[in-house]
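Input: a single structure, listed below in structure tokens.
The first residue of the sequence shown is numbered 1, and numbering continues consecutively from there.
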Amino acid sequence: MALALVLPAALLAACSSTSHRMGSAPSTSTHRGLAIFASVTVPILPGELVSTEAPDGAVFVADLTSGTTGSGPQVVWVVDGNGPAAVAEHLPIGAHALAADATNLYVANYLNVTAFDRRTGIQSGQWALPPLSTANTSNANLEAMAASGGAVLVSLAQGNVVSVYRIDPATTAAPLMIAQGSSVAFGPDGSVVFVRADHHLVVQSASGVLNVGPLLADSPNGSGGGVQYADTVAGGTIWVTEPDKQGLDARYASFDLTTLTPLGSFSGTSELQIAGTTAGPLALNPPAPCPQPSSEVVSTMCLFRIAPSGALSHRVMIGGVLQLLGPHPVVLTGNPGNSGVVVNRLR
């Protein structure tokens, strides 16, 4: 599961805000090859990032901070359309997870989720999260967030258990726990995909209806494999991963989001990213040839369209990749001097 992370209420309430316009979504054809048509640099150093893309294509990005209280004042940047990067929010300490819908930008930390109106930059809501202990945890992100189906979904990882909470941004009601399992992925319609304690793959709709699917592998072996995890939902497909070789390689399986029937399987690496976009599901750094220009110092990664079977098409070469975003195809990369993060838009 791809996870991301969030500040004390008093501190976030004191955030100073900068308003920004709401961008228009770029159009994307699903019937031709992809190519970068715009690149905008954000003045933050490449590294561990938190980022999200709103339904209209606005991209928000910030440094990923660690620890319960972050590492000092933080700026969340926004790129609307092809315009220059602008300050979306000034945070007093830092962000661990971001999400956005048509109305709000949501900033999360281990203690709270805070909403900021995207037109005015003014705080429009805040919800306290259940206590989360970060003791004896690795550097992996412990929190993920998505805004979809009229709700904000937050997952909190504690040991081997991931709990999912639903926030209604139209109310002040406390977050409601709606699912729990060993791994979680969020659907674009407010649904939640998770691996239940009995190791079954389960889809819970935005209205709370459960669809119980097949039993997934849960027999750890000596090479770090033998256990399957819900990873991503993209293009009406659930992508499940099984790490292997101490996390260096992985096997992937796909399931239909509606029927939960198996669709395909293939081998890959732990570096594979899959995202659902208006151009269909895209895969970054899949197990396929990716030419390396001799003149480049930074390794080039390749972006493909990917089918549920794992079949790849329409390769695009992109260097120094950090993250792949949807719904409109966006790849975050480092610039040639590694002095900034570049928002690359594709169509």
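Counting heavy atoms from C-beta on, the side chains of Leu216 and His200 never come closer than 4.5 Å. Side-chain contact between His314 and Leu303 is absent, with no heavy atoms from C-beta onward closer than 4.5 Å. At least one side-chain heavy atom of Val164 sits under 4.5 Å from a side-chain heavy atom of Phe186. Side-chain contact between Arg305 and Leu312 is absent, with no heavy atoms from C-beta onward closer than 4.5 Å. Using a 4.5 Å heavy-atom cutoff, the side chains of Leu257 and Val203 are in contact. No side-chain heavy atom of Gln180 sits under 4.5 Å from any side-chain heavy atom of Val162. The closest side-chain heavy-atom distance from Asp80 to Arg118 is below 4.5 Å. Proximity of Val61 to Ile44: side-chain heavy atoms (C-beta onward) are separated by under 4.5 Å at one or more points.
A donor-acceptor pair under 3.5 Å is formed between the side chain of Ser148 and the backbone N or O of Gly190. A distance-only check finds no donor-acceptor pair linking the side chain of Trp239 to the backbone of Gln273 [under 3.5 Å]. For the pair Asp56 (side chain) and Ala58 (backbone), a donor-acceptor distance under 3.5 Å is present. The main-chain N or O of Tyr106 is never found under 3.5 Å from a side-chain atom of Asn104 such that the two would form a donor-acceptor pair. Looking at Ser183, its side chain never comes within 3.5 Å of a backbone N or O of Tyr229 through a donor-acceptor pair. Within the 3.5 Å criterion, the main-chain N or O of Thr258 finds a donor-acceptor partner in the side chain of Asn211. A donor-acceptor contact shorter than 3.5 Å is absent between the side chain of Glu242 and the backbone of Arg251. Without hydrogens or angle criteria, Arg345 side chain to Val331 main chain gives no donor-acceptor distance under 3.5 Å. Ser254 places a side-chain N or O within donor-acceptor distance of the main-chain N or O of Gly264, the cut-off being under 3.5 Å. Between the Gln204 side chain and the Ile178 main chain, a donor and an acceptor come within less than 3.5 Å of each other.
In the hydrophobic clustering of this structure, Ile274 does not group with Leu325; members are Ile, Leu, Val, Met, Phe, Trp, Tyr whose side-chain heavy atoms approach within less than 4.5 Å, directly or through other members. Phe116 is connected to Val76 through a chain of hydrophobic side-chain contacts under 4.5 Å among Ile, Leu, Val, Met, Phe, Trp and Tyr, so both are in one cluster. Residues Val195 and Leu263 are members of separate hydrophobic clusters, defined by side-chain heavy-atom contacts under 4.5 angstrom among Ile, Leu, Val, Met, Phe, Trp and Tyr. Cluster membership check: Val192 shares its hydrophobic cluster with Val202, using side-chain heavy-atom separations under 4.5 Å among Ile, Leu, Val, Met, Phe, Trp and Tyr. Both Val59 and Leu49 are part of a single hydrophobic cluster, where members link through side-chain heavy atoms under 4.5 Å apart.
Note: Tyr252 and Phe266 have parallel aromatic rings, judged against thresholds of 30 and 60 degrees for the angle between ring planes.
Judged by the 6.0 Å distance and 45° axis criteria, Arg347 is positioned over the aromatic ring of Phe37.
Taking both residues in full, the closest heavy atoms of Gly340 and Pro46 are given as O-CG, 3.4 Å, listed atom of the first, atom of the second, then distance. The shortest non-hydrogen separation linking Val42 to Val79 is CG2-CG2, 3.8 Å. Between Leu346 and Ile318 the shortest heavy-atom distance is CD2-CD1, 4.3 Å. For Met301 against Val321, the heavy-atom pair with the smallest separation is SD-CB, 3.7 Å.
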Pair Ser267-Asp249, side chain to side chain donor-acceptor pair (under 3.5 Å): steps then yes or no: CA-CA 8 Å; Ser267 296; Asp249 293 337; over 6 Å; no
Residues Asn335, Val341; criterion side-chain contact (heavy atoms from CB on, under 4.5 Å); working and verdict: CA-CA 6 Å; Asn335 65 5; Val341 172; over 6 Å; no
Step-by-step side chain to side chain donor-acceptor pair (under 3.5 Å) determination, Thr114 to Asn112: CA-CA 6 Å; Thr114 302; Asn112 302 286; 5.9 Å; no
Test side-chain contact (heavy atoms from CB on, under 4.5 Å) applied to Leu201 and Leu215, step by step: CA-CA 6 Å; Leu201 182 64; Leu215 191 66; over 6 Å; no
Working for side-chain contact (heavy atoms from CB on, under 4.5 Å), residues Val152 and Met145: CA-CA 7 Å; Val152 178; Met145 183 166 60; 3.8 Å; yes
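Atom OH of Tyr165 sits about 13.0 Å away from atom CG of Leu153, to the nearest 0.5 Å.
Salt bridge annotation for Arg119-Asp117: absent, with no cationic side-chain nitrogen under 4.0 angstrom from a carboxylate oxygen.
For the residue pair Thr333/Asn344, the side-chain donor-acceptor check at 3.5 Å is satisfied.
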